[in-house]
Structures are given as structure tokens and as C-alpha cells.
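Computed from a prediction, not measured in an experiment: that's the story for all the values here. The analysis underlying the following values was restricted to heavy atoms, covering all of them including side chains, and did not include hydrogens, waters or symmetry mates.
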Amino acid sequence: MNTEPSSNRIIVGVDGSEYSSAALRWAGRMSERLDTPLEVITCVGMPDLFFSSRMETGMTKFSGELEESARQLVEQALDRAFDTDRPENVGITVRFGAPAKVLVEESRNARLLIVGRHGEGGFLGQAIGSVSRACAAHSQCPVLLVGQND
């Protein structure tokens, strides 16, 4: 892990779940306390990317629709997390790709990565989900894992 962040931003992974709304609330507080911009990153998964990349040229609007749907999901999560008190320095990025891979890549240029930890009953009753586990193991900056009620 790098000790000196190459960018002064906090990134937070959002998938639309209550876990990501809790992560957003933490990210908003950290962004305010550290006087650091906040970037919300959401991902359109690989199967969607594979499908849209194989479509005819005239049908590529589908990938734009996927991106717009993902952006709306982020807006809803931001509304749940902050209601009318949304931080001013929030950016939204939609990336195509596997969420864990994208967030780890983005962590190279971040001061802090915040993700919801999911887990608690999924595959083998794991305490954290696969994305949060990969981020904690491979991130290039400090990682804060947030539970649903944190």
C-alpha cells in the first residue's frame, strides 16, 4: 500500500443497497472532516459490458441506457444517505467492469476508499462480501468497510 496518496479524494463504491447508503453517509462525514472531494463510483458489471460490446453499432444506445440507469441508482442512494443535506463536492462516476477490480484500480488515486461490507448470510455466511473483501485485500489506499447500520 502506498503511504502517500497520489490524489486528495475519497472514493466510495455504491451499488444501490442500504450498505452503500451507509457507506455514503460515512464518506460524507469523512469528506467534510478532511476537506476532501468525494467521488461516488458505481459499476455496470462485466456481463452487461460483454453483451453491449457485442451489439450492432445502431444498438449501442443500450450501453448509454445502462449508464443512465446506474447513475439514477447512485442518485437514489445519495438521496437516501443525505436527503437534502448532500455534500457539495460530490462527483459521480459510472464505470463498466467488475466492481472489485474497478474500485481497486481507482484506489491508486485516492486518499481513502469506503465500501459497504455486505455479507452476513450470503455464501457460507461470510461476514463481508466479495467486493469488500477484495478491496480490503488489494486497495492501494486505506479502506473503510461500513456495515448497514453504521
Side-chain angles (χ1 to χ4, degrees), residues 1-2 5-32 34-119 122-123 128-148 150:
M1 182 170 69
N2 296 334
S6 59
S7 177
N8 194 31
R9 67 180 176 146
I10 293 173
I11 57 175
V12 58
V14 170
D15 65 2
S17 68
E18 285 301 320
Y19 288 94
S20 60
S21 292
L24 276 168
R25 285 188 287 276
W26 268 97
R29 290 191 292 263
M30 296 297 290
S31 173
E32 181 180 313
L34 297 172
D35 193 27
T36 303
L38 175 60
E39 184 171 356
V40 179
I41 299 176
T42 192
C43 300
V44 177
M46 291 305 288
D48 302 323
L49 175 62
F50 178 79
F51 178 72
S52 65
S53 70
R54 300 296 187 255
M55 294 181 357
E56 295 177 20
T57 308
M59 295 183 67
T60 55
K61 74 173 191 161
F62 183 69
S63 61
E65 290 172 2
L66 286 172
E67 185 174 345
E68 182 56 32
S69 293
R71 194 171 295 281
Q72 288 175 2
L73 194 100
V74 169
E75 288 293 339
Q76 291 168 359
L78 284 164
D79 288 344
R80 277 195 314 273
F82 300 114
D83 196 25
T84 58
D85 196 27
R86 185 184 293 193
E88 293 179 21
N89 58 350
V90 176
I92 299 172
T93 299
V94 177
R95 295 268 315 268
F96 285 86
K101 183 177 185 214
V102 167
L103 292 171
V104 168
E105 286 173 1
E106 290 287 336
S107 75
R108 291 185 180 118
N109 298 311
R111 184 172 187 180
L112 177 65
L113 168 61
I114 301 175
V115 292
R117 65 174 176 80
H118 284 270
F123 181 68
I128 65 174
S130 60
V131 172
S132 52
R133 181 182 312 277
C135 289
H138 302 291
S139 177
Q140 300 296 306
C141 68
V143 177
L144 175 60
L145 302 179
V146 179
Q148 184 175 358
D150 290 347

* What residues, two or more places apart in sequence or in another chain, satisfy side-chain hydrogen bond (donor to acceptor under 3.5 Å, both in side chains) together with S20? -> D15
* To do: Could you check Q140, R9, K101 and say which one makes a side chain to side chain donor-acceptor pair (under 3.5 Å) with E106?
  => R9
* Asked: Can E75 and R71 be counted as an ion pair, charged N to O under 4.0 angstrom?
  -> no
* Structure fact -> Residues A81 and R25: closest non-hydrogen pair is O-CG, 3.3 Å
* Structure fact -> Shortest non-hydrogen pair, G97 vs C43, comes out as O-CB, 3.6 Å
* Structure fact -> CG of L73 to OG of S17, rounded to nearest 0.5 Å, is 9.0 Å
* To do: Using the test side-chain hydrogen bond (donor to acceptor under 3.5 Å, both in side chains), find all partners of E32 that sit at least two apart in sequence or belong to another chain.
  => none
* Donor-acceptor pair, T36 side chain versus N8 backbone, under 3.5 Å? -> no
* Asked: Closest heavy-atom contact between G116 and A23?
  -> N-CB, 3.7 Å
* CD on E88 to CG on L38, rounded to 0.5 Å -> 12.5 Å
* Asked: Can you tell me if S31 uses its side chain to pair, donor with acceptor, with the backbone of G28 under 3.5 Å?
  -> no
* Do L113 and V115 pass the side chain to side chain contact (heavy atoms under 4.5 Å, CB included) test, and can you show the C-alpha distance, the side-chain angles, and the key distance before you say yes or no? -> CA-CA 7 Å; L113 168 61; V115 292; 4.0 Å; yes
* Atom SG of C135 and atom CG of L144: how far apart are they, to the nearest 0.5 Å? -> 12.0 Å
* Nearest-0.5 Å distance that lies between atom SG in C141 and atom CD1 in I114 -> 9.5 Å
* To do: Please step through side chain to side chain contact (heavy atoms under 4.5 Å, CB included) for the pair T93 and I11, ending with a clear verdict.
  => CA-CA 10 Å; T93 299; I11 57 175; over 6 Å; no
* Closest non-hydrogen atom pair between V131 and P99, with its separation -> CG2-CB, 4.1 Å
* Asked: Between Y19 and V146, which heavy-atom pair has the shortest distance, and what is it?
  -> CD2-O, 4.2 Å
* Side chain to side chain, V12 and I10, heavy atoms closer than 4.5 Å -> no
* Which heavy atom of R117 sits nearest a heavy atom of G147, and at what distance? -> NE-CA, 3.6 Å
* What residues form a side-chain hydrogen bond (donor to acceptor under 3.5 Å, both in side chains) with E18, not counting sequence neighbours? -> R80
* Structure fact -> So CG of L24 and CZ of R29: to nearest 0.5 Å the spacing works out to 11.0 Å
